[in-house]
Protein chains: 2
Amino acid sequence: MRIKSLHPDRVRAWLARAEAWCRARGSNLTPLRREVLELVIARGRPVRAYELLDALRARGRAGSPPTVYRALEFLEAEGLVHRLSARKAWLACPEPGHDHAGVVLSCRHCGRALEVDDASLVEPLLARLDAYGFEPEAGLLEVPGTCDWCRQERDHG
Amino acid sequence: MRIKSLHPDRVRAWLARAEAWCRARGSNLTPLRREVLELVIARGRPVRAYELLDALRARGRAGSPPTVYRALEFLEAEGLVHRLSARKAWLACPEPGHDHAGVVLSCRHCGRALEVDDASLVEPLLARLDAYGFEPEAGLLEVPGTCDWCRQERDHG
DNA sequence: GAATGCAATGTAATACTATTACATCATGTT
DNA sequence: AACATGATGTAATAGTATTACATTGCATTC
């Protein structure tokens, strides 16, 4: 069985890490930003900005697109969420402070995404781009495809 | 000096290849689709859909968003253009019929993009995704970064 | 403690990207 | 002629993201 959304305890622990991280960096994780992060974490999968906006409003927050985009921008700068451009969605990062080198495995079928923070996955590729004089950005490479669960679903009914 | 847009002869040759490719596949490269492809090719870099729409209109074509998106969808299905999701733009593929395994090196500074059709670049990475039960889609991996030209510009003024 | 400056948020409007739904037209087939 | 099909025309709308400007709250300085 797949997890539908995160257990509250896990969300709490995750948020606590994020708070510690921001405190250590002297950055300002305001209630609003924290709330947006909480929503992204709890979802347990990539979320679209306007879903977050709806969720905020449902909680009684004022809110308009900039509310959400500004919070997401902050969170991304802090390395607490990642933007998945190919998906137009945002994913909470389980390990703030990580290097965030690696890949995000993004499933076209179920929409879930798995962050794999393993620089060794992408380093050989990135190193070869030197030959083109190209300097890749630090960050995660988005890899679209089919996740384990959906593949099994498809193959063995 | 960098090339601003493609030489007409090169565009013509490119289009001729595309026509041959479609003829061989029995697919229907209509005048409209051909014109859109021509615009993408001539630009020599990723183009946004609405730029194409404007260009079509400037040429006296009727046109609305679906006009462009339908043409692009066709061209992508034929492997004649690639969609760069991270850039929300479309890039003409110089080699129809290729496997299109490899990367697109996408420069954040100048906006240019280079398609590198070299499966050996990505195969080691993709193979390792097996360990996650993940089945990557065939296609190009978008790599954001800084191109050779912009890097030199930045480093040696 | 009033004035100033700054970061964060509120709010309205708008720009940009993409799709849906339905009408029309041309072409080939029965 | 009637019909089926694929391509295009057209209007409307959905979804994503940004700009611009007003306001608030708090810390600093005088």
Side-chain angles (χ1 to χ4, degrees), chain A residues 18-19 22-23 25-40 43 46-78 80-91 106 108 111 142, chain B residues 18-19 22-23 25-40 43 46-78 80-91 106 108 111 142:
Chain A
E19 266 163 9
C22 287
R23 212 177 310 118
R25 287 172 44 100
S27 69
N28 192 0
L29 185 63
T30 64
L32 175 61
R33 290 164 175 173
R34 198 194 123 102
E35 200 165 340
V36 170
L37 177 58
E38 184 184 346
L39 290 167
V40 182
R43 211 57 67 109
V47 208
R48 287 168 303 147
Y50 276 68
E51 283 185 78
L52 293 171
L53 180 53
D54 291 344
L56 278 180
R57 284 171 169 164
R59 287 178 164 205
R61 279 263 181 205
S64 57
T67 309
V68 165
Y69 282 101
R70 286 193 287 228
L72 288 171
E73 193 182 355
F74 168 86
L75 295 170
E76 191 181 31
E78 296 300 316
L80 296 171
V81 305
H82 300 293
R83 177 187 213 141
L84 306 187
S85 353
R87 288 274 299 280
K88 293 174 189 170
W90 304 75
L91 181 65
S106 177
R108 283 229 201 270
E142 258 179 278
Chain B
E19 267 163 9
C22 288
R23 213 176 310 118
R25 286 173 43 101
S27 70
N28 192 359
L29 185 64
T30 63
L32 175 61
R33 290 166 174 171
R34 196 194 126 102
E35 200 164 342
V36 171
L37 177 58
E38 183 183 347
L39 289 168
V40 183
R43 211 57 66 111
V47 208
R48 288 168 303 149
Y50 277 68
E51 284 185 79
L52 293 170
L53 181 54
D54 291 345
L56 278 179
R57 284 170 169 165
R59 287 179 164 202
R61 279 264 182 205
S64 57
T67 309
V68 165
Y69 282 101
R70 286 193 287 228
L72 289 172
E73 192 182 356
F74 168 86
L75 294 169
E76 192 181 30
E78 297 300 315
L80 296 171
V81 305
H82 300 293
R83 176 187 213 140
L84 306 187
S85 353
R87 288 274 299 280
K88 294 175 188 169
W90 305 75
L91 181 65
S106 177
R108 284 229 200 269
E142 259 179 278

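Here is the naming used below: chain letters follow the sequence lines, and residue numbers restart at 1 for every chain.
- By the side-chain contact (heavy atoms from CB on, under 4.5 Å) test, A:R33 is found to be paired with A:N28, A:L29, A:T30, A:A71, A:F74, residues two or more places apart in sequence or in another chain being considered.
- Every residue two or more places apart in sequence or in another chain was checked for a side-chain contact (heavy atoms from CB on, under 4.5 Å) with B:E73, and none qualifies.
- Between the CZ atom of B:F74 and the C1' atom of D:dT8 there is a distance of 14 Å, given to the nearest Å.
- Residue contacts for B:T30: at a heavy-atom cut-off of 4.0 Å it reaches the sugar-phosphate backbone alone, with no base atom in range.
- Atom C1' of nucleotide C:dA26 and atom CG of B:L32 are separated by 15 Å, given to the nearest angstrom.
- Side-chain N/O atoms of B:N28 include one lying less than 4.0 angstrom from OP1 or OP2 on D:dA7.
- Residues satisfying the side-chain contact (heavy atoms from CB on, under 4.5 Å) criterion with A:E38, sequence neighbours excluded, are A:V11, A:L15, A:R59.
- Remark: B:A49 engages B:V68, B:Y69, B:L72, B:W90 in a side-chain contact (heavy atoms from CB on, under 4.5 Å) (not counting sequence neighbours).
- Atom-to-atom, CZ of B:R33 to P of D:dG6 comes out at 11 Å; the value is rounded to the nearest Å.
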Could you go through A:E51 and A:R43, starting from their C-alpha distance and side-chain angles, then the distance that decides it, and tell me whether this counts as salt bridge (Lys or Arg N to Asp or Glu O under 4.0 Å)? CA-CA 10 Å; A:E51 283 185 78; A:R43 211 57 67 109; 3.3 Å; yes
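- For D:dT8, the OP1/OP2 oxygens have no side-chain nitrogen or oxygen of B:R61 closer than 4.0 Å.
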Distances under 3.5 Å between nitrogen or oxygen atoms of protein and nucleotides 15-17 of chain D:
| from | atom 1 | to | atom 2 | distance (Å) |
| --- | --- | --- | --- | --- |
| D:dA17 | OP1 | A:R83 | NH2 | 3.3 |
| D:dA17 | OP2 | A:Y69 | OH | 2.9 |
| D:dA17 | O5' | A:Y69 | OH | 3.4 |
| D:dA17 | N7 | A:Y50 | OH | 2.7 |
| D:dA17 | N6 | A:Y50 | OH | 3.3 |

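- Rounding to the nearest 0.5 Å places CG of A:L75 at 9.5 Å from OG of A:S27.
- Here the P atom of nucleotide C:dT9 and the CD atom of A:E73 are 12 Å apart, to the nearest Å.
- The salt bridge (Lys or Arg N to Asp or Glu O under 4.0 Å) check on A:R61 picks up A:E35, with sequence neighbours excluded.
- Here B:E78 pairs with B:R25 under the salt bridge (Lys or Arg N to Asp or Glu O under 4.0 Å) rule; sequence neighbours left out.
- Between A:E35 atom CD and C:dG10 atom P the separation is 10 Å, expressed in whole Å.
- Taking A:R57 as the reference, nothing meets the salt bridge (Lys or Arg N to Asp or Glu O under 4.0 Å) condition, with sequence neighbours excluded.
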For nucleotides 19-21 of chain D, tabulate all protein N/O to nucleotide N/O atom pairs closer than 3.5 Å, reporting atom names and distance.
none

